[in-house]
Amino acid sequence: MIPVIIIEGPTASGKTALAMQLAKLFKTEIISADSRQVYKYLDIGTAKPTNEELCDVKHHLISIINPDETFNAGMFCDNAMDIIKELSSKGKIPIVCGGTGLYIKALLEGLFECVITDKSTRLQLETEYNDKGLSSLYEELKSVDPESALSISYNDKQRIQRALEVYRVTGTTLSQHWRSQGRKSELKPFRILLFEERAVLYNRIDNRIVNMLDAGLLTEIENIMTMGYSWSSPGLNSVGYKEYVSYFEDNTLLHECTSKAQQHSRNYAKRQVTWYNKCTFNLTERYPAISICIVGDRIKSYFDSKMPEGLNENSR
RNA sequence: GGCGGGAUAGCUCAGCCGGUAGAGCAGAGGCCUGAAAAGCCUUGUGUCCCCAGUUCGAUUCUGGGUCCUGCCA
């Protein structure tokens, strides 16, 4: 079992700052579990660590793909596991830090075996959706994989298409894949959740968006467009960016876009909190109230006998 | 000043020929197995601006008021 420290929490809860402090304390590196920070050039709006922080502590899975590329939970797991093993072999406890709950769940619990690299089926399903409508796709799912259809809403286009895609490509239903999926995790995680009172968190979020503008968010967007990317690039479909389409394209007032961005960030934070409600953590704390020394000790004693060879010296 | 348009849920607005009212968004709660900052589910009693009139009954019609707003001056 490989020890890893995992830091989770809703947006603007202080994950980056805590990760920095723990990385220094344990002389280790950080693996970002963030579906947006993987994008190059989207720096300000995704609240990436600052250049200074990136120099200070080595970060992984940040700025690794272009705005017109896609990333997913499977790619995250593959990449993250490689890095985790590498760090672990050097006697370091990797710190996984990020707000993309699915990525961390996938890392800890695994995904079923299904590698779909060809995008033609997905495109085909999109065509069928446009031609015949969602209900037709849902009917197909009901006949092919009634079990999955039962748990997927007839309105949930994304999941209906996904379930059909899996079936068409692999010849096996999604529910069957899940049933035969193994759940052997190689990781021994120490999970930390950063929480905050709703009102305080919302306030932080609102301020953060304003600070992003001050930090040059609009210029960042203009630069990305100048590089040849467009609003249809997957990376730009992110909270804190997509709300500004109308500012650039339709002359919508800046403050209207900003208040939308704030609103969507709050919605996002709420969804994250709901997700975390059913996860179990070794430590639940507020930032910056959290004491690094105490957390450090808790982590050390938790891993105590599970430390890889040489780790104890490294962490002192 | 003249001619219009409007006043309905926190916000933007629907309400056909009169029977006390709904959508989207927000808010609240929840779901989540390769798009997850995505996607989805549940949840809507409010002086229908005020006053009078017509009517068995008015948010809905008529008259008067008040306040917004557009065009012309």
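Within every chain, numbering begins at 1; the chains are lettered A, B, ... in the order of the sequence lines, protein sequences first and strands thereafter.
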Is a donor from one side chain sitting under 3.5 angstrom from an acceptor on the other, for [X] and [Y]?
X       : Y       : result
Q263(A) : R266(A) : no
S32(A)  : D34(A)  : no
R168(A) : T121(A) : no
Y287(A) : Q21(A)  : yes
Y241(A) : T46(A)  : no
S148(A) : D145(A) : yes

Separation of rC31(B) C1' from D156(A) CG (nearest whole Å) |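 Interatomic distance, CG of D156(A) to C1' of rC31(B): 10 Å.
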Rounded to whole angstroms, how far apart are NZ on K48(A) and P on rA37(B)?
->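 So the NZ-P distance, K48(A) to rA37(B), works out to 15 Å.
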Looking across every strand, which nucleic acid part, if any, lies under 4.0 Å from [X] by heavy atom: base, sugar-phosphate, or nothing?
X       : value
E109(A) : nothing
Q161(A) : base
F76(A)  : nothing
S265(A) : nothing
Y103(A) : sugar-phosphate
G99(A)  : sugar-phosphate

Relative to the 5' end of RNA chain B, which residue comes earlier, L111(A) or T100(A), by the nucleotide with the nearest heavy atom?
->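 First, find each residue's nearest nucleotide; the 5'-ward one identifies L111(A).
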Any donor-acceptor pair under 3.5 Å linking the side chain of T173(A) with the backbone of Y167(A)?
->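 Side chain of T173(A) to backbone of Y167(A), a donor-acceptor pair under 3.5 Å: no, none is there.
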Compare the ring of W275(A) with the six-membered ring in the base of rC32(B) and state whether they stack (centres under 5.5 Å, planes under 30°).
->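 It does not: the two rings, one from W275(A) and one from rC32(B), miss the stacking criterion.
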Enumerate the residues from residues 134-142 of chain A whose closest heavy atom to RNA chain B is under 4.0 Å, giving them by residue number; use none for an empty result.
->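 Within residues 134-142 of chain A, no residue comes under 4.0 Å of RNA chain B.
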Which of these passes salt bridge (Lys or Arg N to Asp or Glu O under 4.0 Å) with E29(A): K24(A), K58(A), K92(A)?
->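 One option only clears the test, and that one is K92(A).
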Should E126(A) and R122(A) count as side-chain neighbours, where that means a heavy-atom distance under 4.5 Å?
->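 SC-SC contact between E126(A) and R122(A) ruled out.
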Pairwise side-chain contact, P49(A) with I62(A), heavy-atom cut-off 4.5 Å (strictly under) |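 A side-chain contact under 4.5 Å exists here.
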Contact letters for nucleotides 23-28 of chain B, in which S counts primed atoms plus P, OP1 and OP2 and B counts the base, heavy atoms under 4.0 Å = --SSSS
Can you give the dot-bracket line for RNA chain B, using ( ) for pairs inside the strand, [ ] for pairs that cross earlier ones, | for pairs with another strand and . for unpaired bases, where Watson-Crick and G-U count if both distances are under 3.5 Å?
-> (((((((..((((.....[..)))).(((((.......))))).....(((((..]....)))))))))))).
Side-chain donor/acceptor of R159(A) to base of rA38(B), under 3.5 Å =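 It does, because a donor-acceptor pair links the side chain of R159(A) to the base of rA38(B) below 3.5 Å.
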P spacing across the pair rU8(B) / rU33(B), given as an integer number of angstrom =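 Roughly 42 Å separates the two P atoms.
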When the C1' atoms of rC68(B) and rU12(B) are considered, how many whole Å apart are they?
->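 16 Å, rounded to whole Å.
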